[in-house]
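Since we're looking at a predicted model, the values are computed, not measured. The chain is numbered in sequence order, starting from 1. Every number for a ligand or one of its atoms is a count from 1 in the order of the listing.
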Amino acid sequence: MSIAYQATAEWAKAQDAADPLRAFRDEFLIPPHEGRESTYFCGNSLGLQPRAVRDAIVAELDDWAALAVEGHFKGRLPWMDYHEYVRDDLAHVVGALPSEVVAMNSLGVNLHLMMVSFYRPTPDRHAILIEAGSFPTDRYAVESQIRYHGFSPSLSLIELEPDEPNGTISMQAIEKVLTEQGERIALVMLPGVQYRTGQVFDLEAITALAHRQGCMIGFDLAHGVGNLPLQLHDHGPDFAVWCSYKYLNAGPGAVAGAFVHERHAQSHLPRFAGWWGHDKTTRFQMGPHFVPTAGADGWQLSNPPILALAPLRASLKIFRRAGMHQLREKSLRLTGYLEWLVHTELADVLEVITPREPSRRGSQLSIRVLGGRERGRDLFQYLMDRGIVGDWREPDVIRISPAPLYNRFQDCLTFVEAVQDWHKR
Ligand SMILES: *Cc1c(COP(=O)(O)O)cnc(C)c1O
C-alpha cells in the first residue's frame, strides 16, 4: 500500500476526521488516566467495554428478578435460545454458516472438546503438529490429549520451529514439515495470528496442505477473531476455537466460540456430550439416548451463562454494523501508519518483529526495544506512566495493537512522541 503517511498531528487528525468508522470510538469506555483518556493499545489482550454492555447485563438481571424461571420462556430475550442470539453475528465475524458456529465455554475447554472429536490417533498416524512458540494453553492441551490417548509427546508432538529472522514461520517451512511428515500427523493445530510475533498465517493454504496429507486441521483464533476478516467456511478447516475477550470486546473471561465445518455437521465422531448439545426438538423429553443437534450446536454441554453471553451479544452487534471488511481496511491503514512511524522516526530505538507485509499481520505490532531487557522494561513503564497501555512479552517485546473500532491515527502519533521523549531524557 502506498499511503503518503506524515508524522504530524495535523495529518493524523485529518485522517481521524475522514475515517468512516470514527463514530464507533464513542461506543466504548476509554479508561481514564490522570483525568484524561488513556491511549489504549491492548485490545489484543482485553478489549474495551462497549457502552451497550451494562444495559444488556442489567436487562437480564431485571428479567431474572421479575420472572425467575419463567425468564427461560418469557424474558425479553428468552434464555432458552440465548446462544442462538449471537449466532448470526458470530458467523459474520468468522465467515461461517450460522450452523457452523457456537458460543460456549472458554477457549481452552473448546480446544479440548474439539480435539476429542478431531484428534483420533492411530498407531500409524498419531502426531499433532503445532508451532514451537505456541501459547502455553495450546501446548498443554495438545500434550495432555496425546497422553490421554496413551501416546507420548516425545514421539507424537511435532513442533515447527521458526525459520525466519524475527521468530516467524515461513509457508515453505509449513509445507516442508507437512510433506515430509504428513503421513504420521493426525492433527495440525496452528494459530490464525501468532500471539507473540503478530504473524498472520495463511489459513486457506495451510488447510489445503494439511488436507492433502490426510490430516485434520484446527485453528486457534484467539488473536484472529475480530481482527481479520476470516473465511472459515470457504477456507475449510475442520474446526476452530477462539476467546471473546480480546478483539471481540466481550469482557474478561467472556464466553468463547467454536467453529465446526459443515462437512462434520452430522458427524458420528466421538464427542463429549451434554444435554444442551442434544437435538433441540427432543431435549426436554429427557431421554437416555444422546442425539446431537446438527452442526456446531451439537458440541454444547450446558445451558449457557446468560450474564456472560449478554456482553458478547452487545459487542457482536457493533462488529456487524461496522463490518469486518471495513474494519480490516482501516486496520491496514492504522497499523500501517504505526509501523511507518516506528520505522521512520524510531529506527534507532525500536524494531518491529511482526512481518512487514500487510497480508502477514493484523492489528498488532510486536516491537522489540533495542538495547536489552532493562531498557525495554524502562520504556514500558514510562509509557504506562503516561497512560499509553500496551503489554509486555519477555524478554524485550512490547505489543501495541491499534484496534480499528476505537483507536485513532492520533493515538499512533502519541505513542511515537512518548518514545521520543523517553529516548531524549
Ligand atoms: C489468549 C489465548 C488463550 C487463552 O485461553 P483461555 O482459555 O481463554 O484462558 C489461549 N491460547 C491463545 C493462543 C491465546 O492467545
Side-chain angles (χ1 to χ4, degrees), residues 41-48 86 90 93-94 101-116 118-119 128-145 157 159-160 162 167-169 187-201 203 206 217-228 230 232 237 239-259 272 299-302 304-305 308-309 311-312 315 353-354 361-366 389-394 397-401 403:
F41 286 121
C42 220
N44 58 293
S45 185
L46 183 71
L48 294 182
V86 300
L90 206 49
V93 167
V94 300
V101 296
V102 62
M104 59 180 187
N105 310 316
S106 56
L107 191 166
V109 171
N110 290 342
L111 187 53
H112 275 296
L113 291 179
M114 291 295 116
M115 283 197 282
V116 163
F118 297 106
Y119 174 52
I128 301 183
L129 174 69
I130 61 171
E131 37 120 13
S134 69
F135 194 94
T137 234
D138 302 66
R139 204 199 140 90
Y140 303 157
V142 159
E143 273 201 22
S144 61
Q145 286 278 336
L157 184 64
E159 292 185 89
L160 186 56
T168 49
I169 297 175
L187 174 67
V188 177
M189 244 302 302
L190 290 172
V193 181
Q194 217 285 345
Y195 79 100
R196 212 165 20 79
T197 64
Q199 174 185 1
V200 167
F201 287 89
L203 306 196
I206 296 171
I217 176 157
F219 288 106
D220 182 334
L221 300 174
H223 286 263
V225 69
N227 180 8
L228 303 168
L230 301 162
L232 291 182
F239 72 88
V241 292
W242 56 87
C243 51
S244 310
Y245 47 82
K246 293 171 181 168
Y247 294 99
L248 281 191
N249 309 316
V255 176
F259 161 90
F272 286 172
W299 272 265
Q300 293 173 103
L301 298 181
S302 305
L309 265 180
L312 180 63
S315 172
I353 64 171
T354 304
R361 68 177 184 221
S363 300
Q364 172 185 329
L365 291 185
S366 300
V389 185
D391 69 3
W392 175 258
R393 280 294 169 267
E394 296 290 349
V397 169
I398 297 175
R399 297 189 302 181
I400 298 290
S401 303

What short N/O contacts, under 3.5 Å, does ligand 1 make with the protein, listed by atom pair and distance?
from: ligand 1; atom 1: 7 (O); to: Gly108; atom 2: N; distance (Å): 2.9
from: ligand 1; atom 1: 8 (O); to: Tyr245; atom 2: OH; distance (Å): 2.5
from: ligand 1; atom 1: 11 (N); to: Asp138; atom 2: OD1; distance (Å): 2.8
from: ligand 1; atom 1: 11 (N); to: Asp220; atom 2: OD2; distance (Å): 3.2
from: ligand 1; atom 1: 15 (O); to: His223; atom 2: NE2; distance (Å): 3.0
from: ligand 1; atom 1: 15 (O); to: Lys246; atom 2: NZ; distance (Å): 2.5

Determine yes or no for a side-chain-to-main-chain donor-acceptor pair under 3.5 angstrom, with Asn110 supplying the side chain and Met104 the backbone.
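Answer holds: yes.
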
side-chain contact (heavy atoms from CB on, under 4.5 Å) partners for Pro136, two or more places apart
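Partners of Pro136 by the side-chain contact (heavy atoms from CB on, under 4.5 Å) criterion, ordered by chain and then number, come out as Tyr140, Tyr195.
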
At what distance, to the nearest 0.5 angstrom, does CZ of Phe118 lie from CD of Gln145?
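Rounded to the nearest 0.5 Å, the CZ-CD separation comes to 12.5 Å.
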
Measure the CD1-CG distance between Ile130 and Asp220 for me, rounded to the nearest 0.5 Å.
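Answer for the CD1-CG pair, Ile130 versus Asp220, is 11.0 Å.
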
Check the side chains of Ser363 and Asn227 for a donor-acceptor pair under 3.5 angstrom, ignoring hydrogens and angles.
yes

Quick one: closest heavy-atom pair of Phe272 and Leu301, and the distance?
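Distance-wise, the nearest heavy atoms are O-CD2, 3.3 Å.
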
